[in-house]
Structure formats: C-alpha cells, structure tokens
Novice: 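Please read through the structure below; I'll follow up with questions.
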Amino acid sequence: MGMAQLRPVHEEVSYDTNLAALDVAHLYKTFVKKKGKQRLFGAETKKVVAVEDVSFKVNRREIYGVLGPNGSGKSTLIRMLSTLLIPNSGEAKIFGLDLQKDEADIRKLLNRVSVDAAFYKKLSPRENLLYSARLYGLNPGEADVKSLNILKRLGLREKAYYEPLEEMSRGMQQKVAIARAFLTAPVLLLLDEPTTGLDPKSRRDVQEFILELRDDHDATILLTTHDMPEAERLCERIAFISQGKIVAEGTSEELKSLVDGAVTLEDAFIELTGEALHEDE
Amino acid sequence: MSTIPVRLQTGLWRKMRSAGAFVFRDFHLTRRYASWVVVFLFYSIVNSATIVLIGVAAGDSMQTLNLILGVLMWSFLAVLFGEIANSISYERWEGTIEYTFMAPVSRLTHLAGVSLFSGAYALIRVIIVLFALVAFVSLDLTGANVLGILVVLLVGSLSFMGLGLMAAVLPLMSPEHGAQGTNIVQALLLLISGVYYPIDILPAWLQPFSVISPATYALNASRKLLGIGIEGSEPGQLAGQSIASVLPELGILLLFGMVFIPLGLFIFSKAEYWAKQTGKLKRSG
C-alpha cells in the first residue's frame, strides 16, 4: 500500500491570507503569585498583571517588533500567542483563526524561539531537530538535509551537528533553537529575544536569516527584543511595551517623531515609557 | 489497493510519524544514558535474584516460581508506568515541555508514542532479567502457558498506560513534588497488588484496595497460566491453564484499560488547561 505523500502541516489548514496575519485585541493576562513566606496552609497571594489590554495587528510578511525591558510582558504575550498560556480575556486571531477555538489548527501554522534554548541537552542538534521534524510530520531524510543546511547557514560547524548539545555554548544552542523553528516553515514565527546571548557575528547571521525567511518563505514574524539597533534593522513597525501595556506603535521614524528632540529609538522609548530598556525586573 | 480515503490515510500516517517522534527521542535518550540504564538493570537483576532466592531458601519450588512471576510482572508494569509518568517530569526539568505541547500533536498520539517505547523497553528489560535469573535458579517451565502470559502482559499494559498518564499529571503541576508523588503511587500499587504474597495477608483495611489495582488481575491470571495454585502442578510438569480460563481477568483488565486511558487523557487535558491558565508550563515551574 503506497502511503500518501505528506504535505507540510500548515498546508493542511485553510486560512484566509487576505486577513491580518495576527490580530490581537484587548488581551489580558494576570498571574497569582505568592507573597511573603510559605505557611503550613498555603501562602498569601497577590495578583500580578502581566499583559494589560494589548491590541495590535501584524500584516502578512511583516516583521513586527515588540520592544520592552525585562518583565514588561513580552514573553507572556509570546506564550499566549503560542497557545501555551490562556489569556484572561481578549482575543487573538491568526489569519482569521481564533487562538482558543482553533488551537489545533493554529499550532500547525506557528513556531517559536524562546530566549532560553530548551532542548534535550544529552542529545545532539541532529537528534533534537529530527525529533521536532517528526513531531510536525516532516520527512526525516529531508529534515536532516534541511537542518544541516540551516545550521551551516547560521555558522555552525558540521561536526557539532552530531555532538551533544550540553557541550555547546549558549550562543550555539540558540542557533539550534532558531533552526528548530525555521525547520517547520511556519507561517507565523514568534521570536522571543532570539539573538540574546549571541556574539555580534552570530547575531548578524541570525538577523540576515530572519530577513531571508520573510522574503523567500512568505513568513510573518513577531519579534520581541530589547536591542534597539536590531529592532530598527529588522522591523517594519515597532510597539513599545511597558508594564504589560503597549504605550506607542509605529515605524522607527514615527516613534522618534513622537518625542521632541529624540535622536535615537532609545530616546523615544525612555521618554514614552518612563523607563530604561535594560532595567531588570 | 487501499480503500482508505487519502485524507484519512495521510492523517493516520502523520499521527504514526508523530508518535514515532517520541520513540525516536526516547531511544536516543536511553542510548545517551546507557551507563545509567546498565546500572538500573544491574540493580533490578540483583534485586530480583534476592527476592527469588527467598523461595529457593524455603525449598519451595512453586513459591520460587511465584516470586519469579512477581518480579518479572512487576518489573514490566512498574517500568511501563514509571516511564510514562516520568516522561513529563523529564520534560519539565529540561524545559522542553512547552515545545512538545506547542507541536500539532494530540495527547493520544503523545501517549501512544511514549507507551510504545516504554513497552518495548520494559519488555527487553524483563527478558534480560529472566535470562539472568536462570543463572540463579534452574527453571523448567514445561507446561506453562507462556504465550498466554504475554497476552496478559499486553492487555494489562493498557491500564498501566492510563495509570501512568494519570500519574503524569502530578509532575505537570509541580516538577519536584510531582515526581515524588509518582513514586509514592508506584509504591502503593506494589503494596496492594499482591505481587509477592497473597492479598489476604494484607491488613484487612488494605485488602479492598487490591480490587482497584490492575496488577492484581494480571498476576492472578498469570499464576493460573503458569500453573501456580493448581493441584499436581510442579516445575517440569506445570499445569498451566488455557487462555479461556483467564477470560474473566482479561475482561477486567480490558475494562480497566478502556476506563483508565480515556480517564487519564481527560484528567491530563484538565491539568494541561490548568497549567496553561496559571503559567505552570514555564521551565521554572
């Protein structure tokens, strides 16, 4: 019995490419956190607002940047859009598909790179990537060739492809994380500080690859960063996020023009949000 | 020529490939942790041998056979249960759980993949332990219904897969306490199932709990198939019963599987929803 040839998973989903690639409306997310010392019967808790009334739209084949310091809600936003967190309220649509109602279809359309490269560290990049490829139903032989090509393109030595990830630097691991996301040819790619921890050369390699993916593979990209030059180089439009709220949105030039005397994007950010980008939580 | 519609065929093939991803991953992880696998196997062999030698010391060959059955059956079911339950713990520690849960894979496919590898791994371990035990005691299984025992093992696996999935909820909620919880569940199953002793020697208040353990029925059926407790049965001339004689136990085991797997999936899906609401999937837990 001949098996039917498998198509990429995203081709199994019907979606309207005339609609916004990503349409986020009034998204809220709060967490309950422990306050003070743990007691025998539970602990005192407090409600923390991580994302508050966030709305924005991303067009097809656009690279949209979300710029904010640590703890501003960037990763929570990405996790919600990745179907890993359920919002308290609001909605998000990906090419018209609802994040919660059409979760199974949406998972076929997206992939994500998080700031911390999570892998089976005892396994090699090859084993990790082929595992991921199989999860997405890709042909392992084709995925093997494609994985190696992506990693070579990102500057990884071929020998490292077969060695355990635990022996690699954080920067190298991050490149493998990027390859994992690119491998499945996602329609929407969520990049959560993808170049954090990379050296300048690697950072440039990744940035060029992101542009290539947008231009050659019809991908829409949501990028969070606190790297101003990176945002200016890659993103058509940028949103400033601070304490869970989007405080301004526009092109780099539009954002600078909002503040009198702002020379750089950072000047505009500090003025509009009242905080510096590299503040810790 | 296939009569299965192309769409369904493609869907099934994709699910099989996705389930195969877990087999691929777990095989390579086992390979990378080979030295630990050898250590655990060595411990399992020695532990099994010490239990079986109690029967040898008592000079009771049928008791020895009963203990051998107990160690082998428990070795299989405990590994199957533990591998499924701990697969979530492991993903929590590595931080990969977000990527697994983000992938377009149903929890049933996920369970099938993890169980497939765990079942094969547990079976290989049991075979090695069995061969090692032969070095300690002479085993003449003439008359035993070995094929029937394999059927019991297979049918019993279903309920242990479901139990494993239910126990996997614990590490989903809390990585450290959850892993501790799965070990406690496993220990309690060992206690109430009468693996090495008759249920009626347990304290009276504990005995009713044996009814809810699938291992109880798997062991009862296997004892009949091996000829244990049958008059005139002895090593070399075992009066192993036919598969028809254990149909009630097989029916109960099947029923357990039919209840535990959907129940496990249901409980797991509720826990997954809770984890997504509270942000517990994050690496820090």
Novice: Which atoms of Ser75(A) come close to chain B, meaning under 4.5 Å heavy atom to heavy atom: side chain ones, backbone ones, both, or neither?
Specialist: neither

Novice: Please say whether more than 12 non-hydrogen atoms of neighbouring residues, nucleotides or ligands are located less than 6.0 Å from OH in Tyr162(A).
Specialist: yes

Novice: Is it the backbone or the side chain of Asn111(A) that comes under 4.5 Å from a heavy atom of chain B, or both, or neither?
Specialist: both

Novice: Check Gly95(B) against Ala118(A) and note the closest heavy-atom contact, atom names and distance.
Specialist: O-CB, 3.1 Å

Novice: Kindly compute the distance separating NZ (Lys29(A)) from CD (Gln277(B)), expressed to the nearest 0.5 Å.
Specialist: 6.0 Å

Novice: Between Thr96(B) (side chain only) and Phe119(A) (backbone N and O only), is there a donor and an acceptor less than 3.5 Å apart?
Specialist: no

Novice: Test Leu123(A) against every option in Glu94(B), Arg32(B), Arg31(B) by the side chain to side chain contact (heavy atoms under 4.5 Å, CB included) rule and name the one that passes.
Specialist: Arg32(B)

Novice: Taking atom CD of Glu52(A) as the centre, report whether more than 12 heavy atoms of other residues, nucleotides or ligands fall under 6.0 Å from it.
Specialist: yes

Novice: Looking only at heavy atoms, which two atoms of Ala103(B) and Arg107(A) are closest? And how far apart?
Specialist: O-NH1, 2.9 Å

Novice: Under 4.5 Å heavy-atom distance to chain B, tell me which part of Leu130(A) shows up: side chain, backbone, both or neither.
Specialist: both

Novice: So which atom in Leu135(A) and which in Ala21(B) form the shortest heavy-atom distance, rounded to 0.1 Å?
Specialist: N-CB, 3.6 Å

Novice: Quick check for you: to the nearest 0.5 Å, what is the distance between Phe31(A) atom CZ and Lys280(B) atom NZ?
Specialist: 10.5 Å

Novice: Give me the ring orientation class for Phe22(B) and Tyr131(A): parallel if the planes are under 30° apart, tilted from 30 to 60°, perpendicular past 60°.
Specialist: perpendicular

Novice: Thr76(A) versus chain B, heavy atoms under 4.5 Å apart: side chain, backbone, both or neither?
Specialist: neither

Novice: Report the option among Ile106(A), Asn88(A), Asn128(A), Leu84(A) that has the most heavy-atom pairs separated by less than 4.5 Å from atoms of chain B.
Specialist: Leu84(A)

Novice: Among all residues two or more places apart in sequence or in another chain, which pass the side-chain hydrogen bond (donor to acceptor under 3.5 Å, both in side chains) test with Tyr64(A)?
Specialist: Glu249(A)

Novice: Does Arg112(A) count as lying over the ring of Tyr99(B), i.e. NZ or CZ under 6.0 Å from the six-ring centre, within 45 degrees of the axis?
Specialist: yes

Novice: Show, in sequence, the C-alpha distance, side-chain angles and deciding distance for Leu29(B) and Glu127(A), and conclude whether the side chain to side chain contact (heavy atoms under 4.5 Å, CB included) test is met.
Specialist: CA-CA 9 Å; Leu29(B) 280 171; Glu127(A) 288 156 353; over 6 Å; no

Novice: Examine whether an atom of Tyr120(A) lies under 4.5 Å from a heavy atom of chain B, and if so say whether it belongs to the side chain, the backbone or both; otherwise answer neither.
Specialist: both

Novice: Count the heavy-atom pairs under 4.5 Å between each of His28(B), His110(B), Glu272(B), Glu91(B) and chain A, then report the option with the highest count.
Specialist: His28(B)

Novice: To the nearest 0.5 Å, how far apart are CD in Glu98(B) and OG1 in Thr83(A)?
Specialist: 9.5 Å

Novice: Please determine, among Tyr90(B), Phe101(B), Tyr33(B), the option with the most heavy-atom pairs under 4.5 Å with chain A.
Specialist: Tyr33(B)

